[in-house]
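Contents: one structure, followed by commentary.
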Amino acid sequence: MMQGPGSAVSLLTALVGADVISNEPQQIARFASDHRGLYRGQALAVARPRKLAEISKILGFCNQHRLAVVPAAGNTSYCGGATPDASGTQLVVSLERMNTVRRVLPLDYCIEVEAGCILQNVQTAATAAERFFPLAIGAQGSCQIGGNLATNAGGLNVLRYGMMRDLVLGLEVVLADGRVLSHLSTLRKDNTGYDLKSLFLGSEGTLGIISAATLKLFPLPRVRATALAQVANPAAAVELLALMREASGDRVSSFELIPGVALDLVSKYMSDISAPFAVPAPWQVLVEWSSSQPREPLETALTAALQAAAERGLLQDAALAQNETQRAAFWRLRENIPTAQQRAGASLKHDISVPISQLAAFIERGAALAAQLAPEGFLVAYGHVGDGNLHFNVSQKAAADRSEFLTRAPALQRALHDCVAELGGSFSAEHGIGQLKVEELARYSAPHELELMRAVKQLLDPNGIMNPGKVLKPRG
Ligand code: 2HG
Ligand code: ZN
């Protein structure tokens with residue numbers, strides 16, 4: 001019989017060992033807040049299992065004793081999905097010690113990895129086998145595959161290769177009651193009933209803990225052509241994308257929209273980075289083509305496509321990266337926008353997507369809403385145009401009062417998300433729901449969709465121990 005939280009820690013320790021369970025303050029502090037500092041919680045203890053059987057025992061115990069579990073990964077999420085609540089009664093489970101690349105199968109074009117692997121290490125293991133793992137996000141040096149899977153991460157190469165969900169062949173998952181769903185398939189074709197693994201992708205730890213996965217690999221890109229182009233406006237960027245997909249034989253792997261204001265922020269707050277243009281245009285795109293065929297003349301073809309686009313009035317100027325150093329410098333401009341924005345002060349973030357054909361309309365309507373509803377801020381809208389996904393962020397003006405600016409968040413979010421919904425888009429494109437968007441999910445989902453989600457949750461986690469308060473709003 002469990003007497004209280006203290007005895008839960010002792011019993012768990014007896015079950016899996018003092019090496020796995022810790023309630024030391026430094027260990028708990030690592031998981032107590034999200035990286036943006038939006039959420040702060042307090043865990044009962046942290047479990048850091050080394051093997052599948054330990055996760056299984058821990059969840060079996062928690063389920064039996066109704067102890068809430070918060071699965072944690074690299075803590076790079078934007079929605080507070082991995083932060084415990086303030087009660088001090090929840091157990092954080094981190095898979096950081098389960099970080100083995102189990103096998104690379106070049107002929108099957110797949111890789112089997114444990115959930116605690118750092119994304120960059122998975123990319124490196126694939127490259128060592130002359131294969132390519134395409135998920136690429138700013139946090140790849142510290143985020144973990146388990147978090148990428150649980151949030152269905154997106155990033156910079158989605159246009160060509162898809163989101164994390166599209167890159168998964170098989171999963172190993174520990175269910176809320178400790179049973180293991182072991183389906184580390186390497187198959188491309190397997191029509192044997194419901195696709196159970198898909199339920200866990202994007203479920204943000206609310207249905208079980210993903211412990212390992214088999215992921216798709218691709219031919220290694222051996223040649224790349226990268227350009228930063230000043231486009232006439234967002235509508236021209238969308239047209240340029242269509243033109244480039246055609247002209248390149250669908251070899252466009254990234255297509256990112258970057259406003260001049262973002263380049264200004266990066267130059268201002270990161271002294272070692274500068275843009276190739278003397279004066280940034282209101283809008284640029286960073287475009288990259290890639291091919292596994294080393295002799296493919298991508299640079300020539302990209303230059304021709306840029307010229308054709310200029311003749312059609314879609315762009316004013318373009319800089320082609322002349323070597324790997326320049327290419328890396330272009331990417332640093334893009335990848336450092338979130339850091340520069342953070343250094344500039346508070347920001348209101350909206351990770352939205354709309355059909356690509358509606359992007360320009362959304363930017364126009366959204367910009368007007370931002371100016372009207374958050375006058376203490378300025379728009380920094382950038383991101384993955386190739387996926388119809390914008391980070392429609394608003395940064396605090398230098399002279400503005402931070403707390404006054406932050407009071408604008410709810411009204412602005414409502415207006416922008418309503419606009420997104422009208423245009424057939426999503427209020428959460430690639431950052432998930434976590435605790436930040438629980439209300440939004442309840443508001444914008446059809447009632448029967450929500451009922452189905454609740455039914456799935458009830459089936460897989462009848463005692464409600466898995467990451468409570470995340471994704472689905474508690475009933476009541
Ligand atoms: C990116 O694309 C990330 O850089 C972060 O998804 C977006 O800070 C953001 O809003
Ligand atoms: Zn992004």
Side-chain angles (χ1 to χ4, degrees), residues 34-39 73-82 119-120 134-143 147-148 150-165 202 204 253-259 261-263 265-266 269-270 273 284-288 330-354 356 359 362-363 366 370 374 377-396 406 409 412-413 416-417 420 425-434 436-437 440:
D34 66 311
H35 85 280
R36 288 182 70 202
L38 289 185
Y39 299 98
N75 204 8
T76 61
S77 101
Y78 280 86
C79 298
L119 171 55
Q120 207 162 53
L135 190 80
I137 61 179
Q140 62 199 24
S142 61
C143 67
N148 301 148
T151 58
N152 186 27
L156 303 166
N157 289 333
V158 171
L159 165 64
R160 175 96 163 262
Y161 298 98
M163 293 186 66
M164 195 58 172
R165 185 188 300 279
E204 301 185 46
S253 36
S254 301
F255 197 89
E256 298 282 314
L257 186 68
I258 307 181
V261 69
L263 293 183
L265 283 181
V266 173
Y269 291 99
M270 330 212 55
I273 309 182
Q284 8 292 291
V285 294
L286 175 55
V287 56
E288 187 160 280
F330 286 2
W331 275 109
R332 273 179 0 115
L333 278 170
R334 162 62 185 89
E335 285 175 349
N336 279 290
I337 298 172
T339 312
Q341 226 203 336
Q342 197 173 16
R343 292 188 185 166
S347 55
L348 309 176
K349 288 184 185 278
H350 310 92
D351 164 41
I352 63 91
S353 63
V354 291
I356 298 179
L359 259 169
F362 174 75
I363 291 177
F378 59 97
L379 185 62
V380 189
Y382 65 95
H384 322 291
V385 163
D387 319 320
N389 173 199
L390 287 175
H391 299 304
F392 205 78
N393 298 344
V394 179
S395 266
Q396 172 196 346
L406 291 176
L412 179 61
Q413 172 172 291
L416 289 175
H417 290 173
V420 163
S426 164
F427 64 86
S428 179
E430 61 166 4
H431 293 169
I433 304 296
L436 182 69
K437 294 188 178 173
E440 302 303 274

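Indexing begins at 1, ligand by ligand and atom by atom, following the structure's order.
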Can you check whether [X] reaches [Y] side chain to side chain, under 4.5 Å on heavy atoms?
X	Y	result
E335	L156	yes
L119	L135	yes
L265	Q341	yes
I337	V266	yes

Any idea how H384 and H391 line up, ring-wise: parallel (<30°), tilted (30 to 60°), or perpendicular (>60°)?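 Plane angle over 60°, so perpendicular.
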
Please check if the distance between the ring centroids of H35 and Y78 is under 6.0 Å.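 Centroid distance H35-Y78: below 6.0 Å, so yes.
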
For the Zn ion (ligand 2), does an N/O/S atom of E430 lie at less than 2.8 Å? yes

So, H431 and the Zn ion (ligand 2): N/O/S under 2.8 Å, yes or no?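 Of the N, O and S atoms in H431, none lies under 2.8 Å from the Zn ion (ligand 2), which means no.
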
Residue contacts for ligand 1, heavy atom to ligand atom, distance under 4.0 Å: Y78, R334, P338, K349, Y382, H384, H391, N393, E430, H431

What residues, two or more places apart in sequence or in another chain, satisfy salt bridge (charged side-chain N to carboxylate O under 4.0 Å, His left out) together with R36? none

